[in-house]
Amino acid sequence: MKKYDAVVIGAGNGGLVAAIRLLQGGAKTLVVEKHNLPGGFATSFRRGRFEFEASLHELNDFGTADNCGDVRTLFNELGVTDKIEWLQIPEAYRVISREENIDATMPFGVQAFIDKMESYVPGSRPSMEKFFALAEEIRSAQAYTNAQNGKVDSKYMVANYGNYVRCGSYSVNEVLDAIKMPKKAKDILNAYWCYLGAHCDDLSFIHYASMVIRYITRGAAMPKMRSHEISLALTERIRELGGEVWFNTEAVKILTDKDGAVSGVVLDDGRTIETRHVIANCAPHVVYGKMMDNVSEEIIKATNARKFAGRGFTMFLGLNKSADELGIENHNYFLYDTMDTAKQYDIMKKIATNEAQATVCLNRAYPECSPEGTCMMYFTTLYMDDDWANVKPEDYFKVKDMVAEKMIARFEKDTGSKIRDSIEEISVATPMTYARYCGHPQGDIYGYESQYWDGLTPRLLMMAEDHKTKGLRFAGGYSMRLSGYSSAYFSGDITGRQTVGDIKREG
Amino acid sequence: MEFKFKKQIFGFMDLLRFKNMTKVRREKLASAPSTPLPKTYRVNEVAKILHPGNQNAVLKQITLDTEDTKTYTFELSKPMFFRAGQYVTVRCEADGGLVSRPYAVSSSPYQALKENKLSVTVKKAGFFSDWLFDNAKEGDAFTIGDPSGDFCFDSVRDRKNVVGIAGGSGITPFYSMAQALKEGSEDFNLTVIYGARTEKDIIFKSALESLCGNKVKVVYVLSDEKKEGYEHGFITAEIIEKYAGKEFSVMMCGPSVMYDFAKKELAKLGISGKYVRTEANCCGLRDVKHAEYEIKVHIKDECAVVKANSEETVLTAMERAGLKVPAKCRAGGCGFCHSKLLKGEFSIAGADKRRLADKKFGYIHPCCSYPDSDMEIIVPQG
C-alpha cells in the first residue's frame, strides 16, 4: 500500500498552501483533487475571445514589494511570488445604495480615504480617525498573536492592545456606534460587508476592520493571468518540492484506527492510501457527514451548530465594446438596496428579491485583459438562504436567465451604463454550479458564516480545542480563518505548519 | 491619535466580554442537536441532474436514418437535463482501447430528464463512428458523459429569431432544439437552413417536418440535386434573407468549409461577431510526413510509454494504448484533458484555446496537440 506522511484532500487555495508547508517541513505529501484543475474557485475559463476570472475580485493584503502585505510575505516564504505577474487595483470601491441615495467612490490610502469620506460626510473625520486607529491596533495585535502562534499572554495583550481586547467582542455596528460615526459614513464604510458575507450587526468588528485596513493601506492586487495563474504557480511549487498532485481523483473515505486517529484515505478507484495525517480542504459537514464512520456525538453537534454562509451566483459577460464606449467607469462596484445590512441580508435570501451585487470590470484594472474594443465583467451575489433548492431542474435554465437579466438591468439603472446589447459571451454560475464544482453543501462559497458567536476571534482562540480527530485538520473557508482568498491561503499556512508539528511530535 | 475605546460604562466589562467569547462559542457548539449530518443537500441533488458526470447507459435502440447515418438511443442510469444543442461524450471499449467521442444530443431535454432517454445521431465518418456503425448492438453497455458545450440558445445574449445553418450530420443539435421548442424546454424562433448533397442524404426529414409550426421552420438546400420544393446550390445570403429577414442570431453546425462560406454570405446581410456562433469540430488526422515518437505518460503514480505518430493527436495515441485518460470536446476548447508537459515539442490544431497561465506553466490539451518529438506528460486519470 502506498504511504504518505500527509494527504491533502482538495487542491483549493487552502489545500495548495498547506501542501507546500508540509513539503517545506519535510513531509512526504500527496494532494488529491476531484476536479481536473487546481485552485477550487481560484481558476479561469475561456469563452470565445475572452478568458474569464472565475472568482477573484481583488486579492487583499498582498501589497507591493515596498509595501508588503501579509499574503505577499507568505507567498515569498512559499517561493511563489515571482512565478506570478501582479498588477494593482486602481481604487478601493464605488458603492451605490438606493435607499440612502449613496453613490460614493472611495480611494486607497488612509489619508485619502478619510479626506474623501469627509467630503461626502462633513464631520466624519474624528470617527474615521478613530476607526483607523482601532484597525491599526487590531492589525498589530494580530501580528503579535501570529508571532506567538496563538499562545498569547493575556496581561501583555491588555497592556499593549487594550483597545483590541475591549472592542474585540462586538459587531461592526456596535463599535462604529460607540465611536459615534455618522450614519452616512458608516453606510459608506460598510460597503465591503458582502465580501465577508455576514451583516454588520452580526459580523465581528475585528474581522471587518482588519480586512478594511489591509485593503486601504496596501491596496489590492490581481494576477495578470487570472487566479488560475496563482493556482498553477502553487501546483508548480508543490511538484518542485517533490510533492504529488493527482487530479480527477476524489477522496471518498477517511479511515481511522481503533483509537479514532486517522489511518488512511480511500480514493474513488477503491485504492487505499496509508497516512496518519489528512488536511481536508473541504466542509466538515461533508467530511463528518459522508467521508467518516463512527463520528462522535460531540463532533456531530458542533458541526450541526454551524451555519452555512452565502450561496454563490456569478454572471460573466464578455462585451463587444470597450468600457469607455459602454460608460463603465469603475473597477469595482457594490450595488445595494439599502445600507441597513441586516435588511439587505434578508432581501438576499430570495431569488425574487435579490439584485444586490459586487461587480467588477477587469479592464479598469488591466485594460489588456481582453482584446481591444472589448471588455469583461463579472457580477457576483450571495443568497443567504436555500431558495435555489426550490428551483426544479426543468425551470433551472429559465430562472438562471431571469436572474441574469435582473442583474444587468440593476447595473444599468444604478450606474447609467449600457451593456445589454453588447453581450458577446455570457456564462452564469449558480449555487448548483458551485455545488457541483467544489462539492460544497447547497452551493455555499463562503464556508461557515461569521455569526456573532462564531466569528474570527473565537475561532482562532479555539483552534486547539476544535481539533477533535487526531490526524485530521481543516483548511479553506470552513476553517479558522473563514472565507476569502487571503483567509484561505492563511488557513493553509496555519494548518500545514500545525500538521508538520504533529508529524514531528510523533517522531 | 491616542484614544481609549470603551463601550460599556466600565471598560473592564468590555474585557470580560472578550474573555467570554470562547465560553459562549463552546456552549453553542455543545448545545446543537445531535441529529445525523445530511448525506446530501437539495441544491447538490439538482446539480447532479444538471451535471450527472460519467454514467452507465444501455444502448436500447438503433435506427438507420440514411445509408450512412444511424441514431443510437440509450437508457440512462440517472436523469439528465441539458440545453438543446449541447453534446455528450459516448464511451466504450473499441478494438482494445477505451475510446470516446463527443456527439450532439439529437433527442429532447425532457426525454433525458423525465424518461432517462438520450439519443445521438452519428454519420459513419471516422474510427469510432465506423466502429459503432458496424459493431454496436442493442443491449451493449456504454458510458455517457456530462452534457457539455455552449452551442445553445441564450436569451440574454441572442436575438429571439435564430437561424440554424446545418450541413450534413450537423443537423443533429437543431433537431434537438426543434423538439425542445415543441415541448417547451426552450423558447425562441428557429429557422433551420439545412444543406445536404441530395434529398436522400437528409436526416430526420419527416420528423423535422412534423415539428414545423409557429416556432420552427425548415428550409432544405440541396447542393448536388435540383428538385421541386428544395432550394438548390449553397446557403447564400439571398436564401438566408428570403426565409429569415435581416435581424437574427446564427448558429452553425457542419464542416468548416461551410462556416467559411456562410460567414461571408452573412456579412453581406450585416450579421457578424456576436450574432454568429459555430460548433467546434473534432481534431482529426494531421496532414504531415509520418514520423514515429514515444510519449511517456504519468497518471497518478503509474507510468506508461506509448507509441505515437506525427499524424495523430496525443490523446488518440494514449487511447490507442488502452490508457484511461480524460477526453471531452476533442477540439481543444473545453480543457477537460488539461495535462502538464514535462518534455517535448508539439503543435496545436487550429487556434490555441488554452488559458494564458496554461501556456506559461506548460500545460497542454492532448486532444488538439500533435507530437513533434518524443514527449513526457502528466495526465489526470480518465
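Below, read A as the first sequence line, B as the second, and so on, with proteins coming before strands; counting in each chain starts at 1.
- When the side chain to side chain donor-acceptor pair (under 3.5 Å) test is applied to His35(A), the partners found at least two apart in sequence or on another chain are Tyr437(A).
- Taking chain A as the reference chain and counting heavy-atom pairs below 4.5 Å, the highest number among Leu113(B), Asp187(B), Ile299(B) is found for Leu113(B).
- A donor-acceptor pair is defined here as one N or O able to donate and one able to accept, closer than 3.5 Å; such a pair exists between the side chain of Asn248(A) and the backbone of Gln381(B).
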Report the C-alpha distance between Phe5(B) and Val175(A) in whole Å, list the side-chain angles of each, state the deciding distance to 0.1 Å, and finish with yes or no for side chain to side chain contact (heavy atoms under 4.5 Å, CB included). CA-CA 9 Å; Phe5(B) 177 82; Val175(A) 173; 3.7 Å; yes

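- Rounded to the nearest 0.5 angstrom, Arg271(A) CZ and Asp301(B) CG are separated by 4.0 Å.
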Could you walk me through whether Tyr363(B) and Thr235(A) pass the side chain to side chain contact (heavy atoms under 4.5 Å, CB included) test, one step at a time? CA-CA 12 Å; Tyr363(B) 285 82; Thr235(A) 305; 3.9 Å; yes

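- Between chain A and the residues Phe18(B), Tyr110(B), Tyr275(B), Phe336(B), the most heavy-atom pairs under 4.5 angstrom are made by Phe18(B).
- Residues satisfying the side-chain contact (heavy atoms from CB on, under 4.5 Å) criterion with Lys39(B), sequence neighbours excluded, are absent altogether.
- Residue Phe153(B): no heavy atom, backbone or side chain, is found under 4.5 Å from chain A.
- Within the 3.5 Å criterion, the main-chain N or O of Thr35(B) finds a donor-acceptor partner in the side chain of Asn304(A).
- With hydrogens and angles disregarded, a donor-acceptor distance shorter than 3.5 Å links the side chain of Arg355(B) to the backbone of Ser44(A).
- Between the side chain of Arg157(B) and the backbone N or O of Ile426(A), no donor-acceptor pair lies under 3.5 Å.
- The parts of Tyr164(A) that come within reach of chain B are both its backbone and its side chain, each placing non-hydrogen atoms under 4.5 angstrom from that chain.
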